[in-house]
Protein chains: 2
Amino acid sequence: MGVIRKTKAVSTVLSIFENKNEAKSVVSLIELVKGEMNKTTVYRILDRLEQDGIIHSFNGKDGLKWYAKCEGCSAHKHSDKHPHFQCTECDKVECLSLEVKIPALKNHKVDSTDILLMGQCETCCS
Amino acid sequence: MGVIRKTKAVSTVLSIFENKNEAKSVVSLIELVKGEMNKTTVYRILDRLEQDGIIHSFNGKDGLKWYAKCEGCSAHKHSDKHPHFQCTECDKVECLSLEVKIPALKNHKVDSTDILLMGQCETCCS
DNA sequence: AAATTTAATGCAACTTTGTTGCAAATACAA
DNA sequence: TTGTATTTGCAACAAAGTTGCATTAAATTT
C-alpha cells in the first residue's frame with residue numbers, strides 16, 4: 001500500500017526522522033506527537049513509511065520496535081541490514097554502517113539478519 | 001537471587017530445556033505447562049534460571065522473549081553471545097555455535113551483542 | 001519429627017504495547 | 001467544486017508481561 005497522501009500527520013512524523021540520523025522507538029514517537037495525533041495514526045504512518053522504504057524498523061534491546069530513516073532504500077530493495085547500537089544507560093540507538101560478515105549456514109536459507117550491539121555510547125562512556 | 005529451591009514447578013520447566021537443544025518462547029512455555037502452573041510462576045522461574053546461568057534469553061523476530069539452555073554458562077559468566085536462527089515459516093529458533101566477528105567501534109564500549117538470523121530452517125527448506 | 005523460617009506460588013488486578021472496526025474527516029483527481 | 005478513496009480519531013480490544021499480597025511449601029533448626 002504505502003504512503004499515498006501527504007497529510008499533516010505524515011509530514012510531522014517524517015520531519016522527526018529528517019533532521020537527525022537517530023532511531024526512535026514507537027513509544028517515544030507517540031509521546032513526541034501526543035496531542036497532535038492519535039497513537040493508532042502513528043502506528044499506521046510508520047507502517048506505510050516502512051513499506052515505501054523511507055524508514056526501516058528493528059527491535060531494540062527490550063523487544064520494543066524502533067524506526068530509523070533508511071539510507072538508500074526503496075520499496076522493493078531494503079538496505080536495512082546494517083547493525084544497530086543501543087546504549088544500556090541512556091537507551092539511545094544508532095545505525096551503524098559496519099559490514100558484519102555472517103558465515104554460511106548449512107541447510108538453512110538466510111534471508112535477513114538483525115544485529116544489535118549493546119553497551120555504552122559516546123556520551124555515556126565519558 | 002537465583003534458584004534456591006527445587007520445587008515441582010522448577011523441575012517441570014527445567015525438564016523442558018533438558019531434553020532438546022531447542023529454544024522456547026515464553027508464550028509457548030506458558031502454553032506447555034498450562035494447568036500445571038500459573039503464568040506468573042513461569043515468568044519468575046525463567047528469571048531465576050537465567051540469573052543462575054542455567055538458561056539464557058534473547059528476543060525473537062517479533063520482539064517476543066525466548067529462552068534456551070546455556071552451554072557452559074555460570075551465574076557470573078554468561079557465554080550467551082552466540083547467534084540465533086529463527087525460521088520465518090515455522091518460527092522455530094536454534095542456537096548457533098557460529099563465531100561472528102564484530103569490528104571495533106570507536107568511542108563505544110560494546111558489552112554484548114544480539115544476532116538473529118532469519119530465513120528457512122532445514123525442515124522448511126526442503 | 002515438629003516447629004520455624006524464608007522462598008515460591010496462585011490469583012487478581014494492573015500496565016504497556018500494539019491492533020481492529022467503523023464513522024467522520026481530509027487529500028486529491030476529474 | 002464535486003466525488004471518491006485514503007487517512008484519521010476514537011473506543012474497544014488483545015496479548016505480553018508485572019505487581020502486591022495472601023497462601024503454600026521447601027529447607028533449617030531445634
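Letters A, B, ... mirror the listed sequences (proteins, then strands); counts begin at 1.
Considering only the side chain of Arg5(A), dT7(D) comes nearest among dT20(C), dC11(C), dT7(D). Counting only heavy atoms from C-beta on, Val26(A) has its side chain closest to dG18(C) among dG18(C), dT9(C), dG17(D).
The number of heavy atoms from other shown groups lying within 6.0 Å of CD (Glu99(A)) does not exceed 12.
With hydrogens and angles left out, the side chain of Lys39(B) and the base of dG17(D) share a donor-acceptor pair within 3.5 Å.
Of the possible donor and acceptor atoms, one in the side chain of Asn59(A) sits under 3.5 Å from a partner among the backbone N and O of Lys61(B).
Between Thr41(A) and dG9(D) there is a side-chain polar atom (N or O) within less than 4.0 angstrom of OP1 or OP2.
Residue Leu64(A) is classed as a sugar-phosphate contact, given heavy-atom separations below 4.0 Å to backbone atoms only. Thr7(A) comes within contact range of the sugar-phosphate backbone alone, with a heavy-atom separation under 4.0 Å but no base atom that close.
Cluster annotation: Trp66(B) and Ile55(B) are assigned to distinct hydrophobic clusters (Ile/Leu/Val/Met/Phe/Trp/Tyr, side-chain heavy-atom contacts under 4.5 Å, transitive).
The structure places OG of Ser112(A) at 11.0 Å from CD1 of Ile102(A), a figure rounded to the nearest 0.5 Å.
Residues Met118(B) make up the rest of the hydrophobic cluster containing Leu116(B), defined by ILVMFWY side-chain heavy atoms closer than 4.5 Å, directly or through other members.
For the helix from dA1(C)-dT30(D) to dA30(C)-dT1(D), the rotation axes defined at the first and last 5 base pairs enclose an angle of 30°, given to the nearest 10°.
With DNA chain C read from its 5' end, the first of the two nearest nucleotides for Val27(A) and Arg44(A) is the one closest to Val27(A).
When rounded to the nearest whole Å, the span between CE of Met37(A) and P of dT6(D) equals 21 Å.
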